[in-house]
There are 2 protein chains.
Amino acid sequence: MRSEMGGARASFGLRLLQLARLWRQAVDAEIQKTIFPDSGWRVLVWLSRTGEKLRQKDLAAIMAIEGPSLVRLLDNLDKAGLVRRELDTGDRRARRLVLTPAGREAALAIEARLTAVEAELLAGFSDEELAACSALLGRLDQRLQARRGGAG
Amino acid sequence: MRSEMGGARASFGLRLLQLARLWRQAVDAEIQKTIFPDSGWRVLVWLSRTGEKLRQKDLAAIMAIEGPSLVRLLDNLDKAGLVRRELDTGDRRARRLVLTPAGREAALAIEARLTAVEAELLAGFSDEELAACSALLGRLDQRLQARRGGAG
DNA sequence: TAGGAACAGATACCGTGCGAACTATCCCGC
DNA sequence: GCGGGATAGTTCGCACGGTATCTGTTCCTA
């Protein structure tokens, strides 16, 4: 592999994939061992952050996962009493997702732990370089989402 | 604290996870529909890039996956006649991984397509910002790998 | 040199993501 | 109003990641 600038371009994708897996392992380990011994805590975080009665379709879109992937997560959270699927008064096909009090409490604890872990993982990086990198990733994200929906 | 910069810090992990999934979907779709209708093409790329008779343990380490995860990929590639597991003359526990001629050919085709797709996805980003971002991700990668192996 | 720890790889099983196919409901045109 | 296409959610089976455990081999040491 070349070590010039082109190298960053060539190995960017593989680096991204490995990094995401490692990041997920690290964060999951922290959250699951300290607070919430189940996956699907990401659903709680998103629901807590948006704070609205989302429909499943919208939550799936926000989380950038597919409907069926979300269903199983919600089944578990529902069984655990953390999330309820309320009926939508206007559309009997749809469900409105709401956190139960226990779910809201769990979400807050997870958010706190998540913030701590991520801060630890990102310690030593300057705000400026993180913001620049995050902006680049954000643009890439938009491009990929557009590509997924629109023409390939 | 600096709330505008803190945003990048707080959402960095979630962004990373979503982005990696989207990236993988985009690249997998391109590779699988044009060249190689199976996953595990990443194994071919790595074997082709290192070019040596790696042991499975070493390849797993390079790819940052676990041994058992690699075994299944190799089973498929072996069945497809793209990779062979040769006996190590010095250590009868170990296997040396080699690409068959068909495997080498497939790897080259995949590399070419991969380069094209990634170039397309990264078009519009400057070499400088990509290098900076990639360097940051690389440091983060090292930190996560160390964390996984060593103390939490 | 016999015995046990360490190690490479394989196997079995679980979690999480996906797409395809299905059900129930909505909406649009007639 | 009603038949057909679109939409929200579910179910099912597949792919790929992981851990725990097993087998065979090596290596170290008493």
Side-chain angles (χ1 to χ4, degrees), chain A residues 14 17-29 31-33 36-43 53-80 83-97 148 152, chain B residues 17-29 31-33 36-43 53-80 83-97 144 148-149:
Chain A
L14 290 171
L17 297 181
Q18 291 192 359
L19 190 53
R21 211 159 12 80
L22 293 170
W23 180 282
R24 173 177 207 134
Q25 287 169 12
V27 173
D28 270 12
I31 300 290
Q32 292 180 16
K33 89 179 175 199
F36 192 58
D38 185 352
S39 185
W41 56 265
R42 253 169 275 271
V43 171
K53 296 189 172 184
L54 289 172
R55 293 191 302 185
Q56 294 186 201
K57 161 122 193 184
D58 296 328
L59 178 56
I62 289 174
M63 296 179 65
I65 63 178
E66 298 302 315
S69 306
L70 181 57
V71 167
R72 199 181 324 110
L73 297 176
L74 289 174
D75 286 345
N76 296 336
L77 293 172
D78 196 343
K79 259 180 288 192
V83 166
R84 280 204 325 272
R85 282 185 259 215
E86 295 187 344
L87 294 176
D88 185 316
T89 53
D91 187 341
R92 294 202 299 164
R93 295 171 303 179
R95 300 281 185 276
R96 294 288 176 173
L97 300 173
R148 185 166 75 154
Chain B
L17 297 181
Q18 294 189 0
L19 191 53
R21 245 199 337 275
L22 292 171
W23 180 282
R24 172 175 210 137
Q25 287 169 12
V27 173
D28 271 11
I31 299 290
Q32 292 179 17
K33 89 179 174 197
F36 191 58
D38 186 351
S39 187
W41 56 265
R42 254 169 276 271
V43 171
K53 296 189 171 184
L54 289 172
R55 292 191 303 187
Q56 293 185 201
K57 160 121 193 191
D58 296 328
L59 178 57
I62 289 174
M63 295 179 64
I65 63 177
E66 299 302 316
S69 305
L70 182 58
V71 167
R72 198 183 328 106
L73 297 176
L74 288 174
D75 287 345
N76 296 336
L77 293 171
D78 197 343
K79 260 180 287 192
V83 167
R84 280 204 324 271
R85 283 184 258 214
E86 295 187 346
L87 294 176
D88 186 316
T89 53
D91 187 341
R92 294 202 298 167
R93 294 172 301 182
R95 301 280 185 277
R96 294 288 177 173
L97 300 173
L144 285 166
R148 185 166 75 154

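Proteins get letters first, then strands, A, B, ... in listed order; numbering begins at 1 in each. Values below: every heavy atom of this structure, side chains too, minus hydrogens, waters and symmetry copies.
Checking dG18(D), dC7(C), dA8(D) against the side-chain heavy atoms of Gln25(A) singles out dG18(D) as nearest. Each of dA8(D), dA8(C), dG19(C) was ranked by its minimum atom distance to the side chain of Arg55(A); first place goes to dA8(D). Of the candidates dG9(C), dA8(D), dG18(D), the closest approach to any side-chain atom of Ala94(B) belongs to dG9(C).
Rounded to whole Å, atom P of dG17(D) lies 5 Å from atom CG of Leu73(B). Atom CG of Leu87(A) and atom P of dC26(C) are 11 Å apart (whole Å). Straight-line distance from the CZ atom of Arg21(A) to the P atom of dA15(D): 19 Å, rounded to whole Å. One interatomic measurement links the two molecules: CG of Leu22(A) to C1' of dG17(D), which rounds to 12 Å at whole-angstrom precision. Atom CG in Asp28(B) sits about 12 Å away from atom P in dC18(C), given to the nearest Å. Between the CG atom of Asn76(B) and the C1' atom of dG17(D) there is a distance of 14 Å, rounded to whole Å. As a whole-Å value, the separation of Arg92(A) CZ from dT23(C) C1' is 14 Å. Summarising the geometry, the separation between CD on Gln18(B) and C1' on dG17(C) is reported as 13 Å, rounded to the nearest angstrom.
At a threshold of 4.0 Å, the pair Arg42(B)-Asp28(B) counts as salt-bridged, since one of the basic side-chain nitrogens sits closer than that to a carboxylate oxygen.
Both Leu54(B) and Gly90(A) lie near DNA chain C, and the one whose nearest nucleotide falls closer to the 5' end is Leu54(B).
For Arg93(A) against dT7(D), a side-chain N or O and a base N or O form a donor-acceptor pair under 3.5 Å.
The side-chain heavy atoms of Arg85(B) and Leu97(B), taken from C-beta on, include a pair separated by under 4.5 Å. A heavy-atom distance below 4.5 Å is found between the side chains of Arg55(A) and Arg96(A). Taking 4.5 Å as the limit, every side-chain heavy atom of Asp78(A) sits out of range of all side-chain heavy atoms of Leu74(A).
As judged by a 4.0 angstrom heavy-atom cut-off over every strand, Arg24(B) is placed among residues touching the sugar-phosphate backbone only. The residue Arg42(B) sits apart from the nucleic acid: no heavy atom pair falls under 4.0 Å. Contact annotation for Leu70(B): no contact, since no heavy-atom pair falls under 4.0 Å across all strands. As judged by a 4.0 angstrom heavy-atom cut-off over every strand, Asp91(B) is placed among residues touching the sugar-phosphate backbone only.
Of all heavy-atom pairs spanning Ala64(B) and Arg21(A), the tightest one is O-NH1, 2.6 Å.
By the side-chain hydrogen bond (donor to acceptor under 3.5 Å, both in side chains) test, Asp58(B) is found to be paired with no residue, residues two or more places apart in sequence or in another chain being considered.
Between atom CG of residue Leu17(A) and atom CD1 of residue Ile65(B) there is a gap of 12.0 Å, rounded to the nearest 0.5 Å.
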Polar atom pairs between nucleotides 10-14 of chain C and protein, under 3.5 Å, N or O only, would you list them?
| residue | atom | partner | partner atom | Å |
| --- | --- | --- | --- | --- |
| dA10(C) | OP1 | Arg85(B) | NH1 | 3.0 |
| dA10(C) | OP2 | Gln56(B) | OE1 | 3.3 |
| dA10(C) | OP2 | Gln56(B) | NE2 | 2.8 |
| dA10(C) | OP2 | Arg85(B) | NH1 | 3.1 |

